[in-house]
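First up is the structure itself, then whatever we jot down about it.
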Amino acid sequence: MVQVPDFQRVLVLQGGGSLGAYEAGVFQALYEYVSNMDKEKGFKDKPLLDIIAGTSIGAINSAVLVSYVIEHNTWDGSAERLKEFWDYLSKESSLDQLPGFTNWWDFLHTIINRNIASGEAARRYYTTKEFSAIGVPTVFSPLLPQLDTRFFDPSNIWYRFDNGPLKRSLERFAKFPIATTFDEKASFTQPRLILVSVDVAEGVPVVFDSYEKEDGSRKSEYGKYIIKDGKEVGFTHIIRYNDGITADQVIASASVPLNFGYSRLEVETYNNATSDYETNVRYFWDGGIMSNTPLTQVVLLHRNYWLKRKGFKNTVPRLNIGIVNVHPVKQDVIPWDRDGIVNRNADINFSDRTEREEQALLLVSDYVDLARDLIKIAKDHGIKDDVINALLDRNTINHGLALRTRKYSDMLIGQYEIGKIIRVNRRNDEHTISNKIFDFSSKTIEQLRESGYKNTLDFSDLEYQGELF
């Protein structure tokens, strides 16, 4: 029987288009490593992962994995399922069928001028050109270009794609809706699914969670917290999905601006004039533009669930977190050509920025420990309980700034702890190109998957040197 765990394992998957194949390789390596480690340590009923969180293609990978696990009640076969998904997405490009193409480019690169692209770089570059023109049948298809009727600028044509094929591929490999919970009496622990999108008009991240809220419902609440006439009303916007996360919400996390159109979701929005919530349609973009590595969202949702839903008052289960970064933070060689500069700019924009978040989260945790110790010292030195309780019962100084009312005591319960944060950092090779996220060619997908698998097992892409999880 599953007991409340001392620690839980989290996997956070970034967005990055076809680079998601790298995450599939990383997951396969983690599955093999952690499964063997658990057997050696005697963790008979320990889940492989307790939480999988993702943005964009990371959200799609996460949904495929969680769906498989809850459908089959086991992690066995989950890595193979994700591999099947990426095999299904990939497509052989025309250049892969053209003999001698890479050899010819390698001749130019080696003999004529080293500044000329390598054969493999040229294959990737022109493969993405091909896919941008004709699409990838299981991922996206081109729409009619939208002419500029505002400025009448022929260079301002909007080339868009339909991500309907990606949604259909997702629905082929994942069953929706996805709803999970933590049941300490169950023989198998269901993994939690956390995804991030962005409300375009509101300009804030929106998080979808397969776990239920404290009232037993599943919903996403965001925007300002409304207090009217001294009474708490709630957040400005509410998205309800009591049956579980849907494919529409997963795709909302993967609707890349400009490349795809908006994702439309039904939302309840508070109308101040009528003092009621009214149903409307709002528009969403890829979560990666605001939170491509959703570490903070995971930690806060984790704390809130154990505090409000499970009633923990002291310390919630410790988190051991693995983050897969598909956009390299660091790069040894500075680019000097346009494609290289575009590539480096994209990597920096979507790279992992959670080290500062990690520092802030740990700082808050340390302050909670300090406050608890100070309270203990005060009691040990004769300060009466009613004096301490009166302080803890006061509202915090920021309780009126469009935030939910909070007392000082609320800050000291449900303390979270972060045990480990392990980062798997994909590195660009010498053949990388700026449009790499659109390269769904069979050869590239296999290369990405193999490198993710190999580099995780040999620790060459890991920031953490030690025992995984």
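Residue indices begin at 1 and follow the sequence shown.
D339 and S434 are linked by a side-chain donor-acceptor pair at a separation below 3.5 angstrom, with hydrogens and angles left out of the test. Between Y31 and D76, the side chains place a donor N or O and an acceptor N or O closer than 3.5 Å (distance only, hydrogens not considered). Residues S351 and H327 have side chains that never bring a donor and an acceptor to within less than 3.5 angstrom of each other. In the model, R123 has no side-chain atom that pairs as donor or acceptor with a side-chain atom of S93 under 3.5 Å. Using modelled atom types, one finds no donor on one side chain facing an acceptor on the other under 3.5 Å when comparing E430 with S118. A donor atom on one side chain and an acceptor atom on the other are not found under 3.5 Å apart for Y22 and R449. In the model, S217 has a side-chain atom that pairs as donor or acceptor with a side-chain atom of D215 under 3.5 Å. Side-chain N/O atoms of E266 and T279 include no donor and acceptor closer than 3.5 Å. No hydrogens or angles considered: a donor-acceptor pair under 3.5 Å links the side chains of D199 and Y222. The closest side-chain donor-acceptor pair between D458 and S460 falls under 3.5 angstrom.
Distance CZ/R160 to CG/L144: 8.0 Å, rounded to 0.5 Å. One finds the CZ atom of F188 at 11.5 Å from the NE2 atom of H72 (value rounded to the nearest 0.5 Å). Considering CG of L295 and CG of L300, their distance stands at 9.0 Å, rounded to 0.5 Å. Rounded to the nearest 0.5 Å, atoms CD1 (I52) and CG (N61) are 9.5 Å apart.
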Task: salt bridge (charged side-chain N to carboxylate O under 4.0 Å, His left out) between D429 and K436, worked out - done: CA-CA 11 Å; D429 59 24; K436 55 183 180 289; over 6 Å; no
TODO: Please lay out, stage by stage, how D286 and S56 fare under the test side chain to side chain donor-acceptor pair (under 3.5 Å).
DONE: CA-CA 6 Å; D286 190 302; S56 198; 2.5 Å; yes
Open item on the list: If you apply the rule salt bridge (charged side-chain N to carboxylate O under 4.0 Å, His left out), what do you find for D248 with R264, and how did you get there?
Closed with: CA-CA 8 Å; D248 288 332; R264 299 157 53 97; over 6 Å; no
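Geometrically, K83 does not engage F27 in a cation-pi contact, judged by NZ or CZ lying under 6.0 Å from the ring centre and within 45° of the ring axis.
Y241 places a side-chain N or O within 3.5 Å of a backbone atom of D209 that can act as its donor or acceptor partner. Distance alone, capped at 3.5 Å, places no donor-acceptor pair between the S90 side chain and the S442 backbone. Under a 3.5 Å cut-off, the side chain of D337 and the backbone N or O of G340 do form a donor-acceptor pair. The main-chain N or O of I341 is never found under 3.5 Å from a side-chain atom of N345 such that the two would form a donor-acceptor pair. Side-chain atoms of T180 come within 3.5 Å of backbone N or O of P191 as a donor-acceptor pair. At least one donor-acceptor pair closer than 3.5 Å links the side chain of N280 to the backbone N or O of V267. Using a distance-only test at 3.5 Å, with no hydrogens or angles considered, no donor-acceptor pair links the side chain of H237 to the main chain of T269. The closest donor-acceptor contact from the side chain of S365 to the backbone of L361 lies at 3.5 Å or more, if one exists at all. With hydrogens and angles disregarded, no donor-acceptor distance shorter than 3.5 Å links the side chain of S67 to the backbone of A174.
The nearest pair of heavy atoms linking A254 to I60 is CB-CD1, 4.0 Å. Annotation for L13 and S62: closest pair CD1-OG, 3.7 Å, computed over non-hydrogen atoms. Between L95 and E130, the shortest heavy-atom contact is N-OE1, 4.3 Å. Nearest approach of F101 to Y126, heavy atoms of both residues: CZ-CD1, 4.3 Å. Contact record, G20 with I57: CA-CG2, 3.9 Å, taken as the closest heavy-atom pair. The shortest non-hydrogen separation linking Q14 to V326 is OE1-N, 2.9 Å.
Between P257 and I289 there is a side-chain heavy-atom pair separated by less than 4.5 Å. At least one side-chain heavy atom of N343 sits less than 4.5 Å from a side-chain heavy atom of Q331. With contacts defined as side-chain heavy-atom distances shorter than 4.5 Å, the pair N455/V424 does not qualify. Under the 4.5 Å side-chain criterion, counting only non-hydrogen atoms from C-beta, V10 is not in contact with H302. In this structure, the side chains of I245 and R218 stay at 4.5 Å or more apart for every pair of heavy atoms. Counting heavy atoms from C-beta on, the side chains of W285 and Y262 come closer than 4.5 Å. Using a 4.5 Å heavy-atom cutoff, the side chains of S78 and L82 are not in contact. Using a 4.5 Å heavy-atom threshold, the side chains of F235 and K219 count as separate.
With respect to the salt-bridge test (charged N to carboxylate O, under 4.0 angstrom), the residues K213 and E221 do not qualify. R309 has no carboxylate O lying under 4.0 Å from a charged side-chain N of E214, or vice versa, which leaves the two without a salt bridge. Salt-bridge annotation for E184 and K310: present, with a side-chain N of the basic residue lying under 4.0 Å from a carboxylate O of the acidic one. Salt bridge present: E358 and R423 bring a charged side-chain N and a carboxylate O closer than 4.0 Å. With salt bridges taken as basic N to acidic carboxylate O contacts below 4.0 Å, none links E171 and R168.
Under the 30°/60° scheme for interplanar angles, the aromatic rings of F312 and W306 are found to stand perpendicular. Classification of the F161-F140 ring pair by plane angle, with boundaries at 30° and 60°, yields perpendicular.
Between D461 and the choices K454, R426, R427, the salt bridge (charged side-chain N to carboxylate O under 4.0 Å, His left out) rule is met once, by R427. Considering V136, I445, V139 in turn, V136 is the only one that fulfils the side-chain contact (heavy atoms from CB on, under 4.5 Å) rule with K91.
In this structure, the ring of F173 has its center less than 6.0 angstrom from the ring center of Y88.
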